[in-house]
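Letters A, B, ... mirror the listed sequences (proteins, then strands); counts begin at 1.
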Amino acid sequence: MEVRVRYAPSPTGNQHIGGVRTALINYLFARSQGGKFLLRLEDTDRTRYSDEYVKNLYDTFKWLGFYWDEGPDVGGPSAPYIQSERFALYKEHAEKLVSMGQAYYCFCAEDRLAKLHADAQDEEAGEGGSYGYDRRCRNVDPAEASRRLAAGEKAVIRLKIPLDGTTKFRDALLGDIEWKNADVSPDPVLLKSDGFPTYHLANIVDDHLMHITHVMRAQEWISSTPMHVIMYRAFGWTPPEFCHLPMVLGQDGSKLSKRHGATSLNEFRKNGYLPEALINYVAHLGCSYEEGREIFTLKELEGLFRVEKLNKASAVFDYTKLEWYNGQYIRMKTDAELAALVMPFLAAAGLVAAGSDGAPAPGPAQAAVVLGAMPLVKERLKFLTDAAPMMRYLFEEPALPAPEEFIPKKLDAARAAELLAAAAALLPSCDLADVPACEAAFRAEAERLGAKFGDLMMPLRVAATGSRVSPPLFESIHLVGLEKCLARIERARKLLVP
RNA sequence: GGCCCCUUCGUCUAUCGGUUAGGACAAAAGAUUCUCAAUCUUUAAAGAGGGGUUCGACUCCCCUAGGGGCUACCA
């Protein structure tokens, strides 16, 4: 039988690390088994829904670079893949369950339910146990229920959870799990009074109708799984295989959330992360692949993924390690690739020309400088966002640093000015395309002046780039241009000897 | 409170009864070096506690502790 798995997000927020992790593992599992990965939009919560989140979902996965085989935007044999477009299906199935005696209409008012809930909260210190719905409507005579319905009374449909006995299921990761039915949520709502299904109903109906073979979702869902199994049986269906994935936690050990830092993929993208790095890091959360290796391509992960390699314990999201991955992937880019990646950030910083839509539109000269700078900055970047501040001096006249910035340790302003003048005098005779030759010439000059090579370089560096920390100097001067650099040097020299 | 899941260096992990408990990130030290990086070398760092089972437990079982999740007409 063909493996079919799905990612079933609810468009009530932007895509975040947790969701992407679930999607990725489903995707990897499908690929490793030669199966299908589908996307289903679970938009049954009308109060929190927004179109913007649907758009964000598509944008995010296009950027990440792994996509579903079937889904609302790409179609497929189980269409439609949007639950709001399957509206009639759920009502029909809920009513079927009622007619089979497996579910019932509940007429309880919301305020009575709220009071029930509040009372249960108050009794927390007590014996415990009396949680959830009290099943008052479970034994309403079906004939009476029809009468009240016909009279226009509002109702929800609830699933009958067996009062005793146990429910068992096997989790592919956690093994056999058995629950007392008394501990299962008492008669959960399947169909809300607005006619929309709850997650539980829609999920089961769709997974069955879409022939989903494996349900892989976060471990926070595990406690509703017995209820889902009961529902499958009530319908007379065979449940799929379950696999509950370890959770992703923040540094403090609680479920990863905004207060732990960036969690939405929007933010990672904006902050200069590479999709490859994110994918690789997220794939390694709670899962190992091959010993002694950290870097994998998506294709390799697809081939190596095994459910048995998943870890049972939840994992802490480590931004520092992700940062390292990001640097690794940046270094793997060719100069041309990296230039293209960095360009939008340079345009946003105003270093490079941009069109009216904000997209980069560099002229040939700017493009050449960016490309030429790639070998200088590549191994210094951790994020794409690091490029603009690091490359600013290539496009703009740097602000004149304070005089002390120019002065090497143990020297004074007069000496620094002298070294600057020597550098300015030497530079025009150097072939800036030949770095070793430039360096040799400067070393000789330093010796002649009785100065340390570093002490000759530092004032020059600060003058040419505006900072004591910069990409390699001779290459930088070459990119900026000799004339401009001589002017920068002269400006600095005047600052030191007024 | 109840129910469920989990527990190897600070973090992510390897180990599927017998290892000097391995690797990666971070940290520290060193090498290299025109600054900063990158790179290379080295160091420090772990089986929550207590009982069993076994010739032998990180590994299997039980208890305790700790962490997490769920407990909605949200997913």
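Summarising the geometry, the separation between CD on A:E308 and P on B:rU15 is reported as 12 Å, rounded to the nearest angstrom. In this structure, A:N181 places its CG atom 20 Å from P of B:rG2, rounding to the nearest Å. Straight-line distance from the CD atom of A:E220 to the P atom of B:rC74: 17 Å, rounded to whole Å. Rounded to whole Å, the distance from NZ on A:K255 to P on B:rA75 is 14 Å. The distance from atom NZ of A:K309 to atom C1' of B:rU13 is 10 Å, rounded to the nearest whole Å. What separates CG of A:L190 from P of B:rA72 is a distance of 15 Å, to the nearest Å. At whole-Å resolution of the value, CD in A:E290 and P in B:rG22 are 20 Å apart. Per the geometry, CZ belonging to A:F383 stands 15 Å off P belonging to B:rA37, to the nearest Å.
If you take atom C1' in B:rU64 and the same atom in B:rU20, they sit 32 Å apart, rounded to whole Å. To the nearest whole angstrom, the two C1' atoms, one in B:rU59 and one in B:rG68, are 23 Å apart. B:rG22 and B:rG47 have their C1' atoms separated by 14 Å, with the value rounded to a whole Å. Rounded to whole Å, the separation between the C1' atoms of B:rC25 and B:rA46 comes to 16 Å. Nucleotides B:rA38 and B:rA28 place their P atoms 13 Å apart, quoted to the nearest Å. Distance check on atom P: B:rG69 versus B:rG52 gives 35 Å, rounded to whole Å. For the P atom pair drawn from B:rA31 and B:rU15, the interatomic distance equals 38 Å after rounding to whole Å. B:rU53 and B:rC61: their P atoms are spaced 15 Å apart (whole Å).
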Step by step, work out the side-chain contact (heavy atoms from CB on, under 4.5 Å) result for A:V282 and A:V248. CA-CA 10 Å; A:V282 165; A:V248 182; over 6 Å; no

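Remark: B:rC70 base-pairs with B:rG2. Criterion, Watson-Crick or G-U wobble with two distances under 3.5 Å. Shown here, B:rA21 forms no base pair; nothing in the strands shown gives a Watson-Crick or G-U wobble contact with both key distances under 3.5 Å. Within the shown strands, B:rA31 is the pairing partner of B:rU39 under the Watson-Crick or G-U definition, both distances less than 3.5 Å. With a 3.5 Å ceiling on both atom-pair distances, the Watson-Crick or G-U wobble partner of B:rC60 is B:rG52. Using N1 to N3 plus N6-O4 or O6-N4 for Watson-Crick, or N1-O2 and O6-N3 for G-U wobble, each under 3.5 Å, B:rU7 pairs with B:rA65.
When heavy atoms are screened at a 4.0 angstrom cut-off, A:E42 is found touching the sugar-phosphate backbone but no base atom. Within the nucleic acid shown, A:C438 has no heavy atom closer than 4.0 Å to any nucleic acid atom. Within the 4.0 angstrom heavy-atom criterion, only backbone atoms of the sugar-phosphate kind lie near A:G286; the bases stay farther away. Residue A:G454 is classed as having no contact, given no heavy-atom separation below 4.0 Å to the nucleic acid. Counting any heavy atom pair closer than 4.0 Å across all strands shown, A:P472 reaches a base atom. Within 4.0 Å of A:P471, counting heavy atoms only, lies at least one base atom of the nucleic acid. Residue-level contact check: A:L381 touches neither bases nor backbone, having no heavy atom under 4.0 Å from any strand. Residue contacts shown for A:E323 are absent, as no nucleic acid heavy atom lies under 4.0 Å away. Residue contacts shown for A:Q328 are limited to sugar-phosphate atoms, with no base heavy atom under 4.0 Å away. If you check every strand for non-hydrogen atoms under 4.0 Å, A:S193 touches a base.
Geometrically, A:R158 does not engage A:Y105 in a cation-pi contact defined by less than 6.0 Å to the ring centre and at most 45° from the axis.
Ring-centre distance between A:F296 and A:H284: below the 6.0 Å cut-off. If you look at A:Y199 and A:W221, their ring centroids are closer than 6.0 Å. Not less than 6.0 angstrom separates the ring centroid of A:Y81 from the ring centroid of A:W68. Proximity of the aromatic rings of A:F196 and A:F87 is defined here by a centroid distance below 6.0 angstrom, and this criterion is met. Taking the six-membered ring wherever Trp is involved, the centroid distance between the rings of A:F383 and A:Y273 falls below 6.0 Å.
Here B:rU13 is the nucleotide among B:rC34, B:rU13, B:rU11 with the atom lying nearest to any side-chain atom of A:N311. Comparing B:rA14, B:rA75, B:rC34 against the side chain of A:W221 picks out B:rA75 as the nearest. For A:L174, taking side-chain heavy atoms from C-beta onward, the closest of the listed nucleotides B:rC34, B:rC25, B:rC6 is B:rC6. Of all nucleotides listed (B:rA75, B:rC34, B:rC12), B:rC12 comes nearest to the side chain of A:V316. Of the listed nucleotides (B:rC6, B:rU13, B:rC34), B:rC34 has the atom at the smallest distance from the side chain of A:R443. In the set B:rU39, B:rC73, B:rC34, the nucleotide with an atom closest to the side chain of A:V156 is B:rC73. Counting only heavy atoms from C-beta on, A:S10 has its side chain closest to B:rA75 among B:rC6, B:rC34, B:rA75. Looking at the side chain of A:I222, the nearest of the listed nucleotides B:rU13, B:rC4, B:rC74 is B:rC4. Taking only side-chain atoms of A:A313, from C-beta outward, the nucleotide of B:rC36, B:rU7, B:rG69 with the closest atom is B:rU7. The side chain of A:Q219 lies closest to B:rC5, out of B:rU15, B:rC5, B:rG69.
Panel note: side chain A:Y325, backbone A:E276; no donor-acceptor pair is recorded below 3.5 Å.
Among A:M231, A:K192, A:K91, A:H228, the single residue meeting the side-chain contact (heavy atoms from CB on, under 4.5 Å) criterion with A:L201 is A:M231.
Closest of all the heavy-atom pairs between A:C106 and A:Y133 is SG-OH, 3.2 Å.
On a pure distance criterion of 3.5 Å, no polar donor-acceptor pair joins the side chain of A:K321 and the base of B:rA26. Between the side chain of A:S470 and the base of B:rC36, no donor-acceptor pair under 3.5 Å is found.
Proximity of A:S314 to the phosphate of B:rG68: no side-chain N or O atom is located under 4.0 Å from OP1 or OP2. Remark: A:R158 is in phosphate contact with B:rC73, judged by side-chain N or O atoms under 4.0 Å from OP1 or OP2. Residue A:K192 places at least one side-chain N or O under 4.0 Å from the OP1 or OP2 atom of B:rC74. Side-chain nitrogen and oxygen atoms of A:T44 include at least one within less than 4.0 Å of the OP1 or OP2 phosphate oxygen of B:rA75. When the side-chain nitrogen and oxygen atoms of A:R331 are compared with OP1 and OP2 of B:rA38, none of them lie within a distance under 4.0 Å.
Closest-nucleotide positions on RNA chain B for A:W179 and A:L285 were compared, and the one nearer the 5' end corresponds to A:W179. Taking the nucleotide of RNA chain B with the nearest heavy atom to each of A:Y325 and A:F474, the more 5' of the two is matched to A:Y325.
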